[in-house]
Structure formats: C-alpha cells, structure tokens
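Have a look at the structure below, then the notes.
Keep in mind that what you see is a predicted model, and the values were worked out from it rather than measured.
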Amino acid sequence: MSLSSSSFRLMERKIVLSKPLTLEGETDSDEHCETPNILQRILSLLKNIRQGSDLSCFKVPPVLNMPKSQLQCYAESIYCTASDLLSNINSGKTPVDRLILVVAWTISTTRPLSFGVAPYNPTLGETHHVSKRNLNLLMEQVSHHPPVSALYATDHNQNIHITWCHSPVSKFNGTSIETKVHGKRQLKLHNHGETYEMNSPNLVIRILPIPGTEWVGNLTIRCLETGLVAELNYMTQSFFGFGGGRRQIKGKIYDSLSTKILYKVEGHWDRTVTVKSTSNAEERVIYDAREVISGLQAPIVMNPESVWPTETAVVWGELSEAILNKDWEKAREAKKTVEERQRELLREREAKGENWTPKHFLVSYTKEEGWNCSPIRKSVPHAPIVTL
C-alpha cells in the first residue's frame with residue numbers, strides 16, 4: 001500500500017484514508033491510474049449517454065475511481081492545509097481586512113483534480129469525522145437521490161463555525177461534463193459578529209479536444225452584517241486548452257452600500273493571488289498555493305475503536321485498499337458489496353414503511369431556496385481521526 005495513505009483493521013473493519021488532493025497533483029489516484037487509453041475508456045462509458053443527461057449518480061468502474069469518497073474530497077478542502085488560513089481570519093483588524101482573509105481562505109478550498117478519475121458517490125448516511133487541532137469537522141450524506149452532502153465544522157478557540165450544504169448536478173455536454181455545485185456555504189466569525197455566505201465555482205471535465213479539468217464560473221462572498229462583497233471569476237481556458245486563462249482568477253472587493261470598489265483581485269488559484277488597493281495602488285499577495293496546498297498528508301486514525309461504522313474510510317475501506325494495491329478484481333467485488341448493501345437497506349426500509357432520517361443534520365428543501373442543512377448539535381466533538 002502507498003505510504004501516502006493510512007490503514008487500520010479492527011474486528012474485520014478496514015479503515016483506509018488516502019492522501020489528499022495536493023497542488024502537485026500527486027494523489028493516490030495518480031499512482032494507480034496508469035491504465036493506457038484512459039480517454040478511450042471514458043468515451044466508451046459515455047457513448048450511449050445523451051447530451052444534456054444528468055450524471056450526478058453515474059457509476060464508473062473502480063479503475064476510474066480515486067480511492068476516496070466525495071465526502072472526503074469536500075472535507076479535505078477545509079482540514080488539509082499546510083498553513084492555517086482559517087484561524088488567521090480573526091486577526092484582521094477591520095471588516096475589510098477580514099474579508100480579504102476570507103477570500104484567501106475560500107481560494108484555498110479550490111483543489112486540483114486529475115483527469116480520468118472520480119471519487120465514489122457517497123452512500124446514504126455516510127459520514128466523515130476529522131479533527132485538526134482545535135477544528136472539528138463532521139460531514140454526512142443526507143440524501144442519495146439527489147445527492148446532498150452536509151458539512152459542519154467548529155473551532156471553539158477561534159469561535160468559528162462553518163456550514164456547507166452541497167447538491168452537485170453533473171451534466172454531459174457532448175465534449176465535456178460540467179458539475180454545478182448548488183447550495184450555500186456559510187462562515188461565521190462569532191468574535192466579530194460576522195457571517196459570510198459564499199457559493200462554489202463549477203467543475204468542468206473537458207473530454208475533447210484536449211482532456212483536462214478546471215474550476216470555472218463566478219464565486220461571490222458576502223458579509224451579511226457589513227455589506228462588503230467579494231466577486232471572483234474563475235476563468236475558463238480556450239476551447240483547445242491553450243492561453244493564459246488556465247486556473248486564473250480575477251475579481252473585486254467592494255462595498256455594496258456605496259458600490260465603491262476597494263480592491264482588485266487577480267492571480268491564479270494554483271499559484272499566487274494578489275489584491276490591489278484602488279485608493280493607493282498598493283498591491284500585495286494574499287494567497288500562495290505552494291504554502292497552503294503542497295506536501296499534504298493523509299489523516300491518521302488515532303482511536304480505531306471510536307470510528308463510526310458510517311465513516312467513509314470504513315464504508316469504502318476494502319475498495320480503497322484494492323485500488324491502492326491495483327487489485328482490480330477485488331476492487332470490483334468490494335464496490336459491488338457496498339452497492340448491494342445499500343440496496344438491501346433500502347428494501348428493508350420500504351418493507352417497514354420507514355423513511356430515512358439524517359442523524360446529524362436537519363434538512364429541508366424548497367424550490368426558492370434549494371437545500372438547507374442545519375446541524376443538530378451546537379458543536380462538533382473531537383474525532384478519532386486527526387490530521388496535523
């Protein structure tokens with residue numbers, strides 16, 4: 001097994017956590033995905049898919065899976081950082097200073113993805129519970145059809161709370177697959193009485209003519225109390241994948257009450273991003289990807305006995321180990337076992353006339369507001385899985 005992953009076996013439960021997505025793109029998926037003609041495999045899977053089809057629950061063979069669930073990918077973007085941008089937000093002396101720090105932290109949640117591999121679709125009720133020093137994070141898959149993931153993280157030392165509710169919708173566009181991540185992200189700085197709401201850029205997987213992945217679209221960060229707003233545009237590449245727009249960000253920070261632009265934002269999310277003051281033209285770097293998302297390591301299981309059976313590293317442990325070991329026959333069997341178990345649980349609920357209820361979140365949906373996920377507990381307890 002790769003040294004970049006951690007694995008434990010307890011009472012026939014295998015707990016496997018793979019290396020996070022890093023700037024270098026050196027994921028475990030890169031290590032296992034050496035199959036030739038990967039593009040031909042993808043084209044073969046999509047040959048009978050109509051343009052405009054919803055691929056949100058589309059299943060791929062294990063050879064096209066990275067060894068982790070989508071839940072872990074979401075959570076990693078918060079707890080897997082080489083420098084603590086989140087705690088640093090409270091150090092901002094003014095509302096504008098803090099918004100700039102929120103912008104830097106938000107950019108840090110953008111992670112590079114490898115073409116040709118995808119995370120597992122989370123099972124209903126699947127969880128991910130991890131701690132990083134004083135930050136405790138909990139995720140739960142609160143809906144399977146459609147897929148909805150809820151996240152709650154608390155840091156009592158910094159008095160910071162984070163709530164995410166994600167409902168991704170993937171559609172096939174003929175030459176690409178675009179995933180729109182619907183839902184709201186919220187960051188609360190209780191020490192300052194500030195709430196920041198933000199959305200997510202969209203993920204585009206280009207199949208033809210030049211295969212690749214990129215984050216595109218508009219991201220808005222708004223402080224509800226101060227009226228300060230940051231608008232970022234994740235720019236798309238040209239159709240053939242050339243040009244200077246690769247992973248480029250442009251945007252502005254302004255006061256929505258006066259419409260006055262305070263700063264211009266520019267750079268690349270995989271390199272550096274700067275802000276430039278409109279009042280004195282002073283420019284400074286607010287984000288350096290090399291310092292934040294390089295050299296990241298997999299979380300460590302500190303207390304295997306306390307890991308929940310719904311933990312993503314348990315649910316998919318056998319499959320992840322098989323993928324890391326490139327044992328594709330075992331991987332197919334492991335994935336089939338997980339899927340059959342989910343169908344069995346569904347049949348049992350239907351036979352009893354029961355509806356599944358999330359354990360950690362209150363969930364609601366309206367056409368006007370979409371999905372809303374509220375944590376049941378005021379704080380997240382310390383986890384048996386930790387990251388440094």
Here the pair of heavy atoms bringing Ser108 nearest to Ile293 is O-CG2, 4.0 Å
Only one of Lys68, Lys19, Arg111 passes side-chain hydrogen bond (donor to acceptor under 3.5 Å, both in side chains) with Glu76; say which it is.
Lys68
Those residues at least two apart in sequence (or on a different chain) that pass ring-ring contact (aromatic ring centres under 6.0 Å, His included) with Tyr74 are His166
Under 4.5 Å between side-chain heavy atoms, chaining through other members, with only Ile, Leu, Val, Met, Phe, Trp and Tyr counted: pull out the rest of the cluster around Leu346, sorted by chain and number.
none
Which residues pass the ring-ring contact (aromatic ring centres under 6.0 Å, His included) test with His156, sequence neighbours left out?
none
If you compare all heavy atoms of Val181 against all heavy atoms of Pro201, which two are closest, and at what distance to 0.1 Å?
CG2-O, 4.1 Å
State which residues pass side chain to side chain contact (heavy atoms under 4.5 Å, CB included) with Asn218; sequence neighbours excluded, sorted by chain then number.
Asn233
Looking at Glu266 and Lys276, is there a salt bridge between them, counting it only when a charged N and a carboxylate O are closer than 4.0 Å?
no
Looking at Lys330 and Glu321, does any basic side-chain N land under 4.0 Å from a carboxylate oxygen?
yes
Ignoring hydrogens and geometry, is there a side-chain-to-backbone donor-acceptor pair from Arg206 to Glu214 under 3.5 Å?
no
Sequence neighbours left out, what pairs pass salt bridge (Lys or Arg N to Asp or Glu O under 4.0 Å) with at least one residue falling in residues 78-88?
Asp84-Arg133
Would you check if the side chain of Thr312 reaches a backbone N or O of Gln72 as a donor-acceptor pair within less than 3.5 Å?
no
CD of Glu354: more than 12 outside heavy atoms within 6.0 angstrom?
yes
Return the minimal non-hydrogen interatomic distance between Lys93 and Asp97, and the atom names on each side.
N-OD2, 3.7 Å
Quick one: ring-ring contact (aromatic ring centres under 6.0 Å, His included) partners of Trp371, sequence neighbours excluded?
Tyr365
Just to verify, what does Phe361 make a ring-ring contact (aromatic ring centres under 6.0 Å, His included) with, not counting sequence neighbours?
none
Ring pair (Phe, Tyr, Trp, His ring centres under 6.0 Å): pairs with one or both residues in residues 276-311, sequence neighbours excluded
His129-Trp308, Trp308-His360
Joint cluster assignment, Leu46 & Val204, ILVMFWY side-chain distance < 4.5 Å
no
Quiz question: by atom type and distance under 3.5 Å, do the side chains of Thr154 and Asn136 form a donor-acceptor pair?
no
Connected hydrophobic set around Tyr254, excluding itself, where side chains approach under 4.5 Å:
Val229, Ile261
Taking C-beta and beyond as the side chain, do Val102 and Thr106 meet within less than 4.5 Å on heavy atoms?
yes
Flag if over 12 foreign heavy atoms under 6.0 Å of CD, Glu340
yes
side-chain hydrogen bond (donor to acceptor under 3.5 Å, both in side chains) partners of Thr110, counting only residues at least two apart
Tyr234
Option from Thr81, Thr387, Asp155 for which side-chain hydrogen bond (donor to acceptor under 3.5 Å, both in side chains) with Lys132 holds:
Thr81
Which atom of Phe172 lies closest to which atom of Ile49, heavy atoms considered
CE2-O, 3.6 Å
Check for a donor-acceptor pair, side chain of Ser176 on one end and backbone N or O of Asn173 on the other, with a separation under 3.5 Å.
no
Would you say Arg247 and Pro112 make side-chain contact, with heavy atoms under 4.5 Å?
yes
Please identify which of these residues, Arg98, Gln158, His190, meets the side-chain hydrogen bond (donor to acceptor under 3.5 Å, both in side chains) condition with Asn90.
Gln158
Does any non-hydrogen side-chain atom of Glu318 lie less than 4.5 Å from one of Trp316?
no
Considering residues, nucleotides and ligands other than Arg343, do more than 12 of their heavy atoms fall under 6.0 Å from its CZ?
yes
Would you indicate whether Arg349, at its atom CZ, is surrounded by more than 12 heavy atoms from other residues, nucleotides or ligands within a distance under 6.0 Å?
yes
Once side-chain hydrogen bond (donor to acceptor under 3.5 Å, both in side chains) is applied, do any residues pair with Arg341, and if so which ones, sequence neighbours excluded?
Glu344
Which residues satisfy the side-chain hydrogen bond (donor to acceptor under 3.5 Å, both in side chains) test with Tyr120, sequence neighbours excluded?
Ser320
